[in-house]
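Just so we're on the same page: letters track the sequence lines, and every chain starts at 1.
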Amino acid sequence: MSLARRGQHWGTFARIWHVYDAKWQDPYRSAKLLKDYLMGLYKPIYHPLNDCGDHVVVINSKEIALRGDEWRKRVYFHHTTYHGGATWTLAWELHNKDPTLIVEKAVYSALPKNLQRRHTMQRLHIFPNNKIPKDILENISNQIKQLRPVPVRLDHIPKEEVDNFPQLLKYPKDYVLR
Amino acid sequence: MAFLCRYIKQIGKSLITFEPTRNISLSATTCLREITEKKENNVLTIEAHYVPHKKEHLQLKLDSKACSLCATKLNVKHTDVLILSQFLRSDGCMLPRRVTRLCDVQQKRVTALVAMAQKAGLMPNLTPKSSKKNPKRRRDWKKFNMYFDEKTIKNRYRNY
Ligand SMILES: [Zn+2]
(Lines give C-alpha, C1' and ligand atoms only; values in the text may rest on other atoms or scores of the structure.)
Protein backbone atom coordinates (compact mmCIF):
# COMPACT_ATOMS: atom_id res chain seq x y z
CA MET A 1 0.00 0.00 0.00
CA SER A 2 1.44 3.34 -1.06
CA LEU A 3 1.80 6.17 1.43
CA ALA A 4 -0.92 8.29 -0.26
CA ARG A 5 -3.32 5.38 -0.29
CA ARG A 6 -2.58 4.71 3.37
CA GLY A 7 -3.37 8.36 4.17
CA GLN A 8 -6.63 8.13 2.29
CA HIS A 9 -7.47 4.97 4.20
CA TRP A 10 -6.77 6.76 7.45
CA GLY A 11 -8.85 9.79 6.53
CA THR A 12 -11.78 7.64 5.50
CA PHE A 13 -12.09 5.81 8.78
CA ALA A 14 -11.08 8.64 11.13
CA ARG A 15 -13.74 10.38 13.18
CA ILE A 16 -14.00 14.03 12.15
CA TRP A 17 -15.05 16.74 14.59
CA HIS A 18 -17.40 19.37 13.10
CA VAL A 19 -18.42 22.66 14.66
CA TYR A 20 -21.81 24.25 14.02
CA ASP A 21 -22.74 27.79 15.03
CA ALA A 22 -26.43 27.72 15.99
CA LYS A 23 -26.73 31.51 16.14
CA TRP A 24 -30.06 32.58 14.54
CA GLN A 25 -30.59 29.05 13.19
CA ASP A 26 -33.76 27.00 13.38
CA PRO A 27 -32.95 23.98 15.64
CA TYR A 28 -35.47 21.70 13.92
CA ARG A 29 -34.10 22.36 10.44
CA SER A 30 -30.52 22.22 11.72
CA ALA A 31 -31.24 18.84 13.30
CA LYS A 32 -31.92 17.32 9.89
CA LEU A 33 -28.55 18.66 8.72
CA LEU A 34 -26.61 17.56 11.82
CA LYS A 35 -28.14 14.08 11.65
CA ASP A 36 -26.22 13.35 8.42
CA TYR A 37 -22.93 14.23 10.10
CA LEU A 38 -23.68 12.39 13.35
CA MET A 39 -24.57 9.18 11.52
CA GLY A 40 -21.96 9.59 8.78
CA LEU A 41 -24.64 9.49 6.08
CA TYR A 42 -22.60 11.75 3.79
CA LYS A 43 -19.73 9.23 3.60
CA PRO A 44 -19.44 6.83 0.64
CA ILE A 45 -18.53 4.02 3.06
CA TYR A 46 -21.78 4.44 5.03
CA HIS A 47 -23.51 1.32 6.20
CA PRO A 48 -25.86 1.09 9.20
CA LEU A 49 -23.67 -1.60 10.74
CA ASN A 50 -20.33 0.21 10.44
CA ASP A 51 -19.59 2.82 13.07
CA CYS A 52 -18.64 5.79 10.88
CA GLY A 53 -20.47 8.67 12.57
CA ASP A 54 -18.70 11.96 13.32
CA HIS A 55 -18.68 14.27 16.32
CA VAL A 56 -20.63 17.54 16.08
CA VAL A 57 -20.00 20.46 18.43
CA VAL A 58 -22.91 22.92 18.49
CA ILE A 59 -22.08 26.36 19.87
CA ASN A 60 -24.27 29.38 20.72
CA SER A 61 -27.29 27.20 21.38
CA LYS A 62 -28.76 30.02 23.48
CA GLU A 63 -29.03 32.20 20.37
CA ILE A 64 -31.20 29.83 18.32
CA ALA A 65 -34.16 31.33 16.46
CA LEU A 66 -37.57 29.71 16.27
CA ARG A 67 -39.97 30.49 13.44
CA GLY A 68 -42.90 32.83 13.96
CA ASP A 69 -44.80 32.21 17.21
CA GLU A 70 -43.19 28.83 17.93
CA TRP A 71 -41.62 30.06 21.18
CA ARG A 72 -45.04 30.19 22.80
CA LYS A 73 -46.85 27.54 20.72
CA ARG A 74 -44.44 24.58 20.82
CA VAL A 75 -44.99 22.43 23.91
CA TYR A 76 -42.67 19.83 25.46
CA PHE A 77 -44.42 17.00 27.27
CA HIS A 78 -42.99 15.06 30.18
CA HIS A 79 -44.54 12.43 32.43
CA THR A 80 -43.05 11.25 35.72
CA THR A 81 -45.25 8.05 35.56
CA TYR A 82 -46.90 9.05 38.85
CA HIS A 83 -50.53 10.15 39.01
CA GLY A 84 -50.83 13.75 37.95
CA GLY A 85 -47.19 13.66 36.91
CA ALA A 86 -47.74 15.10 33.45
CA THR A 87 -46.18 18.46 32.66
CA TRP A 88 -46.41 20.60 29.57
CA THR A 89 -43.58 23.10 29.18
CA LEU A 90 -43.58 25.83 26.53
CA ALA A 91 -40.48 26.17 24.36
CA TRP A 92 -39.49 29.54 25.86
CA GLU A 93 -39.88 28.19 29.41
CA LEU A 94 -37.69 25.21 28.58
CA HIS A 95 -35.12 27.50 26.99
CA ASN A 96 -35.08 29.62 30.16
CA LYS A 97 -34.31 26.52 32.24
CA ASP A 98 -31.67 24.99 29.98
CA PRO A 99 -30.56 26.68 26.74
CA THR A 100 -29.13 23.43 25.33
CA LEU A 101 -32.19 21.21 25.70
CA ILE A 102 -34.18 22.37 22.66
CA VAL A 103 -31.30 21.57 20.28
CA GLU A 104 -30.70 18.22 21.99
CA LYS A 105 -34.35 17.18 21.78
CA ALA A 106 -34.58 18.34 18.16
CA VAL A 107 -31.60 16.21 17.10
CA TYR A 108 -32.77 13.28 19.22
CA SER A 109 -36.14 13.19 17.49
CA ALA A 110 -34.59 13.67 14.04
CA LEU A 111 -32.46 10.54 14.42
CA PRO A 112 -33.93 7.16 13.44
CA LYS A 113 -35.64 5.43 16.34
CA ASN A 114 -33.41 2.44 16.96
CA LEU A 115 -30.98 1.12 19.59
CA GLN A 116 -28.12 3.10 18.04
CA ARG A 117 -29.80 6.45 18.77
CA ARG A 118 -28.47 6.98 22.30
CA HIS A 119 -24.94 6.10 21.22
CA THR A 120 -25.15 8.51 18.30
CA MET A 121 -26.34 11.24 20.70
CA GLN A 122 -23.14 10.76 22.73
CA ARG A 123 -21.24 12.26 19.78
CA LEU A 124 -23.24 15.51 19.96
CA HIS A 125 -21.76 18.22 22.18
CA ILE A 126 -23.87 21.34 22.79
CA PHE A 127 -22.66 24.55 24.42
CA PRO A 128 -24.92 27.54 25.21
CA ASN A 129 -22.22 30.08 24.30
CA ASN A 130 -19.11 30.12 22.14
CA LYS A 131 -16.78 28.85 24.90
CA ILE A 132 -15.60 25.34 24.03
CA PRO A 133 -13.42 23.33 26.47
CA LYS A 134 -9.83 23.09 25.29
CA ASP A 135 -9.77 19.29 24.91
CA ILE A 136 -12.73 19.46 22.51
CA LEU A 137 -11.50 22.54 20.66
CA GLU A 138 -8.21 20.95 19.65
CA ASN A 139 -10.03 18.10 17.82
CA ILE A 140 -12.20 20.32 15.61
CA SER A 141 -11.21 20.35 11.94
CA ASN A 142 -14.35 21.33 10.02
CA GLN A 143 -17.15 23.89 10.19
CA ILE A 144 -20.68 23.14 9.00
CA LYS A 145 -22.23 25.96 6.97
CA GLN A 146 -25.19 27.72 8.57
CA LEU A 147 -28.61 27.23 6.98
CA ARG A 148 -29.61 30.89 6.95
CA PRO A 149 -27.46 34.02 7.16
CA VAL A 150 -27.31 35.77 10.54
CA PRO A 151 -29.41 38.95 10.26
CA VAL A 152 -27.75 42.26 11.15
CA ARG A 153 -29.48 44.77 13.39
CA LEU A 154 -29.99 48.23 11.92
CA ASP A 155 -28.10 49.90 14.79
CA HIS A 156 -25.15 47.54 14.27
CA ILE A 157 -24.69 48.47 10.60
CA PRO A 158 -21.94 51.11 10.27
CA LYS A 159 -23.30 54.65 9.92
CA GLU A 160 -21.43 55.21 6.66
CA GLU A 161 -23.26 52.31 5.00
CA VAL A 162 -26.67 53.48 6.27
CA ASP A 163 -26.07 57.03 5.04
CA ASN A 164 -24.92 55.97 1.57
CA PHE A 165 -27.65 53.42 0.89
CA PRO A 166 -29.74 54.08 -2.27
CA GLN A 167 -33.15 55.54 -1.47
CA LEU A 168 -36.41 54.14 -2.83
CA LEU A 169 -38.71 56.57 -1.07
CA LYS A 170 -39.19 60.05 -2.49
CA TYR A 171 -40.79 62.37 0.06
CA PRO A 172 -43.60 64.57 -1.25
CA LYS A 173 -42.98 68.31 -1.28
CA ASP A 174 -43.59 70.00 2.07
CA TYR A 175 -43.52 66.73 4.01
CA VAL A 176 -43.21 67.30 7.76
CA LEU A 177 -40.33 65.17 9.04
CA ARG A 178 -40.93 63.16 12.18
CA MET B 1 -80.17 80.80 -20.16
CA ALA B 2 -78.93 78.08 -17.81
CA PHE B 3 -75.40 78.72 -18.97
CA LEU B 4 -75.75 82.44 -18.26
CA CYS B 5 -77.11 81.72 -14.76
CA ARG B 6 -74.18 79.46 -13.96
CA TYR B 7 -71.73 82.07 -15.24
CA ILE B 8 -73.19 84.77 -13.03
CA LYS B 9 -73.18 82.43 -10.02
CA GLN B 10 -69.54 81.68 -10.56
CA ILE B 11 -68.62 85.37 -10.71
CA GLY B 12 -70.53 85.92 -7.50
CA LYS B 13 -68.68 83.03 -5.81
CA SER B 14 -65.32 84.40 -6.85
CA LEU B 15 -66.23 87.80 -5.45
CA ILE B 16 -67.15 86.34 -2.05
CA THR B 17 -63.99 84.26 -1.65
CA PHE B 18 -61.54 86.74 -3.05
CA GLU B 19 -57.96 85.61 -3.18
CA PRO B 20 -55.22 87.42 -5.06
CA THR B 21 -53.33 85.16 -7.45
CA ARG B 22 -49.73 84.81 -6.37
CA ASN B 23 -46.94 84.10 -8.81
CA ILE B 24 -44.16 83.92 -6.23
CA SER B 25 -44.00 80.95 -3.89
CA LEU B 26 -42.69 81.77 -0.46
CA SER B 27 -41.10 78.42 0.27
CA ALA B 28 -38.49 76.51 -1.66
CA THR B 29 -40.35 73.59 -3.20
CA THR B 30 -37.69 70.91 -2.80
CA CYS B 31 -37.48 71.40 0.96
CA LEU B 32 -38.89 69.30 3.76
CA ARG B 33 -40.32 70.76 6.93
CA GLU B 34 -39.17 69.93 10.41
CA ILE B 35 -40.79 70.86 13.71
CA THR B 36 -38.61 71.27 16.79
CA GLU B 37 -39.65 71.81 20.39
CA LYS B 38 -37.46 73.65 22.86
CA LYS B 39 -38.13 74.21 26.55
CA GLU B 40 -36.40 76.98 28.47
CA ASN B 41 -37.54 78.13 31.92
CA ASN B 42 -41.20 77.11 31.51
CA VAL B 43 -41.28 78.66 28.04
CA LEU B 44 -42.06 76.17 25.32
CA THR B 45 -41.10 77.32 21.84
CA ILE B 46 -42.36 75.28 18.92
CA GLU B 47 -40.49 76.08 15.77
CA ALA B 48 -41.03 74.96 12.20
CA HIS B 49 -38.33 75.45 9.63
CA TYR B 50 -37.36 74.15 6.24
CA VAL B 51 -34.54 71.66 5.90
CA PRO B 52 -32.95 70.49 2.66
CA HIS B 53 -33.40 66.86 1.67
CA LYS B 54 -30.07 65.26 2.59
CA LYS B 55 -30.35 62.02 0.62
CA GLU B 56 -31.68 63.46 -2.64
CA HIS B 57 -28.54 62.47 -4.58
CA LEU B 58 -28.98 58.83 -3.46
CA GLN B 59 -32.47 58.54 -4.91
CA LEU B 60 -32.89 55.84 -7.55
CA LYS B 61 -33.89 57.17 -10.95
CA LEU B 62 -36.55 54.86 -12.32
CA ASP B 63 -38.05 55.13 -15.83
CA SER B 64 -41.21 53.31 -14.88
CA LYS B 65 -44.69 54.36 -13.87
CA ALA B 66 -44.89 51.47 -11.40
CA CYS B 67 -44.15 52.03 -7.73
CA SER B 68 -40.54 51.97 -6.57
CA LEU B 69 -40.56 48.36 -5.33
CA CYS B 70 -42.33 46.97 -8.41
CA ALA B 71 -40.05 48.96 -10.73
CA THR B 72 -36.85 47.65 -9.09
CA LYS B 73 -38.25 44.08 -8.95
CA LEU B 74 -36.80 43.58 -5.48
CA ASN B 75 -37.63 40.50 -3.46
CA VAL B 76 -37.56 42.16 -0.05
CA LYS B 77 -37.02 39.93 2.99
CA HIS B 78 -37.79 40.92 6.57
CA THR B 79 -34.05 41.02 7.30
CA ASP B 80 -33.43 43.79 4.71
CA VAL B 81 -33.62 46.50 7.34
CA LEU B 82 -31.84 49.11 5.18
CA ILE B 83 -34.75 49.02 2.70
CA LEU B 84 -37.56 48.66 5.25
CA SER B 85 -36.30 51.52 7.44
CA GLN B 86 -36.82 53.97 4.55
CA PHE B 87 -40.59 53.54 4.79
CA LEU B 88 -40.65 54.33 8.52
CA ARG B 89 -40.92 57.35 10.74
CA SER B 90 -38.32 57.81 13.47
CA ASP B 91 -40.67 56.09 15.96
CA GLY B 92 -40.91 52.98 13.79
CA CYS B 93 -44.39 53.75 12.50
CA MET B 94 -45.21 52.88 8.88
CA LEU B 95 -45.69 55.86 6.56
CA PRO B 96 -49.04 56.10 4.73
CA ARG B 97 -49.46 55.22 1.08
CA ARG B 98 -49.82 58.92 0.26
CA VAL B 99 -46.15 59.36 1.26
CA THR B 100 -44.59 56.04 0.29
CA ARG B 101 -46.33 55.97 -3.13
CA LEU B 102 -46.32 52.18 -3.19
CA CYS B 103 -49.06 50.16 -4.85
CA ASP B 104 -51.68 48.46 -2.70
CA VAL B 105 -50.00 45.03 -2.63
CA GLN B 106 -46.51 46.34 -1.89
CA GLN B 107 -47.73 48.69 0.84
CA LYS B 108 -49.38 45.78 2.64
CA ARG B 109 -46.34 43.57 2.09
CA VAL B 110 -43.96 46.19 3.48
CA THR B 111 -46.24 46.76 6.48
CA ALA B 112 -46.14 43.02 7.24
CA LEU B 113 -42.36 42.84 6.71
CA VAL B 114 -41.80 45.81 9.04
CA ALA B 115 -43.89 44.11 11.72
CA MET B 116 -41.75 40.97 11.31
CA ALA B 117 -38.49 42.92 11.54
CA GLN B 118 -39.69 44.78 14.65
CA LYS B 119 -40.77 41.57 16.37
CA ALA B 120 -37.41 39.98 15.56
CA GLY B 121 -35.76 43.08 17.12
CA LEU B 122 -33.84 44.02 13.99
CA MET B 123 -34.69 47.74 14.15
CA PRO B 124 -34.42 48.62 17.86
CA ASN B 125 -33.34 52.21 17.13
CA LEU B 126 -36.61 52.93 15.26
CA THR B 127 -39.05 52.38 18.13
CA PRO B 128 -41.29 54.54 20.33
CA LYS B 129 -39.59 56.33 23.22
CA SER B 130 -41.14 54.07 25.85
CA SER B 131 -39.73 50.83 24.39
CA LYS B 132 -36.72 48.94 25.70
CA LYS B 133 -34.11 49.54 23.04
CA ASN B 134 -32.27 46.28 23.57
CA PRO B 135 -34.37 43.30 22.32
CA LYS B 136 -32.52 40.99 24.76
CA ARG B 137 -34.18 42.85 27.65
CA ARG B 138 -37.72 42.09 26.52
CA ARG B 139 -40.05 39.91 28.60
CA ASP B 140 -40.81 36.18 28.41
CA TRP B 141 -40.52 34.69 24.89
CA LYS B 142 -39.91 38.08 23.30
CA LYS B 143 -36.28 38.13 24.46
CA PHE B 144 -35.38 35.10 22.32
CA ASN B 145 -34.48 35.28 18.65
CA MET B 146 -37.22 34.60 16.16
CA TYR B 147 -37.38 34.58 12.40
CA PHE B 148 -40.24 34.61 9.91
CA ASP B 149 -41.13 33.04 6.61
CA GLU B 150 -42.16 35.55 3.95
CA LYS B 151 -44.44 32.93 2.40
CA THR B 152 -46.85 33.44 5.32
CA ILE B 153 -47.73 36.95 4.10
CA LYS B 154 -51.13 36.88 2.40
CA ASN B 155 -50.44 39.70 -0.04
CA ARG B 156 -48.37 38.10 -2.77
CA TYR B 157 -46.48 39.82 -5.51
CA ARG B 158 -44.86 37.72 -8.29
CA ASN B 159 -45.44 34.65 -6.14
CA TYR B 160 -43.10 35.76 -3.38
ZN1 LIG C 1 -46.20 48.36 -7.15
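Atom CZ of A/F77 sits in a crowded spot, with more than 12 heavy atoms from other residues, nucleotides or ligands closer than 6.0 Å. Heavy-atom neighbours of A/L3 CG from other residues, nucleotides or ligands within 6.0 Å: at or below the threshold of 12. More than 12 heavy-atom neighbours from other residues, nucleotides or ligands sit within 6.0 angstrom of NZ on A/K43. Shown here is A/E160, whose CD atom has no more than 12 heavy atoms of other residues, nucleotides or ligands within 6.0 Å.
The shortest non-hydrogen separation linking A/E70 to A/Y28 is OE1-CE1, 3.6 Å.
Judged purely by atom type and a 3.5 angstrom limit, A/Q167 uses its side chain to pair as donor or acceptor with the backbone of A/F165.
For B/K142, the salt bridge (Lys or Arg N to Asp or Glu O under 4.0 Å) test picks out no residue, with sequence neighbours left out.
Within residues 89-98 of chain B, the residues having any heavy atom less than 4.5 Å from a heavy atom of chain A are, in residue-number order, B/R89, B/S90, B/L95.
With a 4.5 Å cut-off on non-hydrogen atoms, B/K143 touches chain A through its side chain but not through its backbone. If you measure heavy-atom distances from B/K136 to chain A, the contacts under 4.5 Å come from the side chain alone. Heavy atoms of B/L126 lying under 4.5 Å from chain A belong exclusively to its side chain. Heavy atoms of A/D69 lying under 4.5 Å from chain B are absent altogether. Contacts of A/L169 with chain B are made by both backbone and side-chain atoms, with heavy-atom separations under 4.5 Å.
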